[in-house]
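Have a look at the structure below, then the notes.
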Amino acid sequence: GLRACDEAMKQIDDLTAQLNSGSSSGKTYVQCIVQVQNEAKTLVGGMAHMVAAAKNAQNQPEKVGETCMALAQAMPQLVVATREAAGATPDSEVQQKLLVAGRQVVIAFHDCVAGAKTVAADPKNSSAVVGLSEVQTGVTDALGQLLTALRDGDTLERDANLAVAKIQATTSDLDSAALFAAATAGQMDVDL
């Protein structure tokens, strides 16, 4: 059971190196966003199963290793989706944000597997259980940063918001000009 946790951590660690550059897949950025969101949901579900197995390890310690391995085997899909999203955006700043956030997610999941292993080894250790809850929060935070980076790269939405702001500013300027013209109508003296 616990040896599988070690193998899962190694597999997760190996994924970090893949997040040094984006990759082209031919998918649109919006398709990549949907894929990353779906993979994140899958991993959060896997993490919940792993944590539950760790907390109940005294009854079935082999379940902890199985759930850790299942999580490690699901991680590459998120890494690939993150790399494809980075490759689908022309904005180099967004690419870097995505890759950094992806690495943070990988590190957070590694820490979560390590925490599950610690709890599984001694389920009655309250500080280990608290530590596992803290690393769970770290995973949630890291996924949140990844999703924020994805939104930052959604140039269609950003461009649409900028266009709406410009339209609103132009409308406001036109309203001001119309009010000024109405207020000063008939008050103009023209010298020829």
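Since the model is a prediction, treat every value here as computed from it, not as a measurement.
The shortest side-chain heavy-atom distance between Lys55 and Pro123 does not fall under the 4.5 Å cut-off.
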Could you list the donor-acceptor pairs under 3.5 angstrom formed between side-chain atoms of residues 13-20 and any protein atom two or more places apart in sequence or on another chain?
{"unit_1": "Asp14", "atom_1": "OD2", "unit_2": "Lys10", "atom_2": "NZ", "d": "3.2"}
{"unit_1": "Thr16", "atom_1": "OG1", "unit_2": "Asp13", "atom_2": "O", "d": "3.2"}
{"unit_1": "Asn20", "atom_1": "ND2", "unit_2": "Ala17", "atom_2": "O", "d": "2.9"}

query: Given the rule in the side-chain contact (heavy atoms from CB on, under 4.5 Å) test, do Thr42 and Gln77 qualify, once you have shown the distances and angles that lead to the verdict?
result: CA-CA 10 Å; Thr42 299; Gln77 288 86 340; over 6 Å; no
message: Between Val139 and Met47, is the side-chain contact (heavy atoms from CB on, under 4.5 Å) condition met? List the steps.
response: CA-CA 9 Å; Val139 168; Met47 179 179 66; 3.6 Å; yes
- request: Go through the steps to decide whether Tyr29 and Asp91 satisfy the test side-chain contact (heavy atoms from CB on, under 4.5 Å), and finish with yes or no.
  value: CA-CA 11 Å; Tyr29 191 74; Asp91 187 331; over 6 Å; no
message: Run the side-chain contact (heavy atoms from CB on, under 4.5 Å) test on Val64 and Cys68 for me, step by step, so that the C-alpha distance in whole Å, both residues' side-chain angles and the decisive distance to 0.1 Å come before the verdict.
response: CA-CA 6 Å; Val64 178; Cys68 289; 4.1 Å; yes
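For Leu78 against Ala40, the heavy-atom pair with the smallest separation is CD1-N, 4.1 Å. Of all heavy-atom pairs spanning Ala86 and Gly22, the tightest one is CB-CA, 3.9 Å. In terms of heavy-atom proximity, Leu71 sits nearest to Val113 at CD2-CG2, 4.0 Å. What you find for Ala128 and Thr118 is that their closest heavy atoms are CB-CG2, 3.8 Å. Residues Ala116 and Leu132 share a closest heavy-atom pair of N-CD1, 3.6 Å.
The distance from the CG atom of Leu98 to the CZ atom of Arg83 is 12.5 Å, given to the nearest 0.5 Å. Thr148 OG1 to Leu143 CG: the interatomic distance, rounded to the nearest 0.5 Å, is 10.5 Å. A distance of 8.5 Å separates CG in Asp152 from CD in Glu93, rounded to the nearest 0.5 Å.
Scanning for side chain to side chain contact (heavy atoms under 4.5 Å, CB included) contacts around Gln35 gives Lys27, Glu39, Ala81, Glu84, with sequence neighbours left out.
Under a hydrophobic-cluster definition in which Ile, Leu, Val, Met, Phe, Trp and Tyr are linked whenever side-chain heavy atoms come within less than 4.5 Å, directly or via other members, Val106 and Val100 are assigned to different clusters. Residues Met69 and Ile12 do not share a hydrophobic cluster, clusters being chains of Ile/Leu/Val/Met/Phe/Trp/Tyr side chains in contact below 4.5 Å.
Although no hydrogens or angles enter the test, the distance criterion places no donor-acceptor pair under 3.5 Å between the side chain of Thr89 and the main chain of Ala85.
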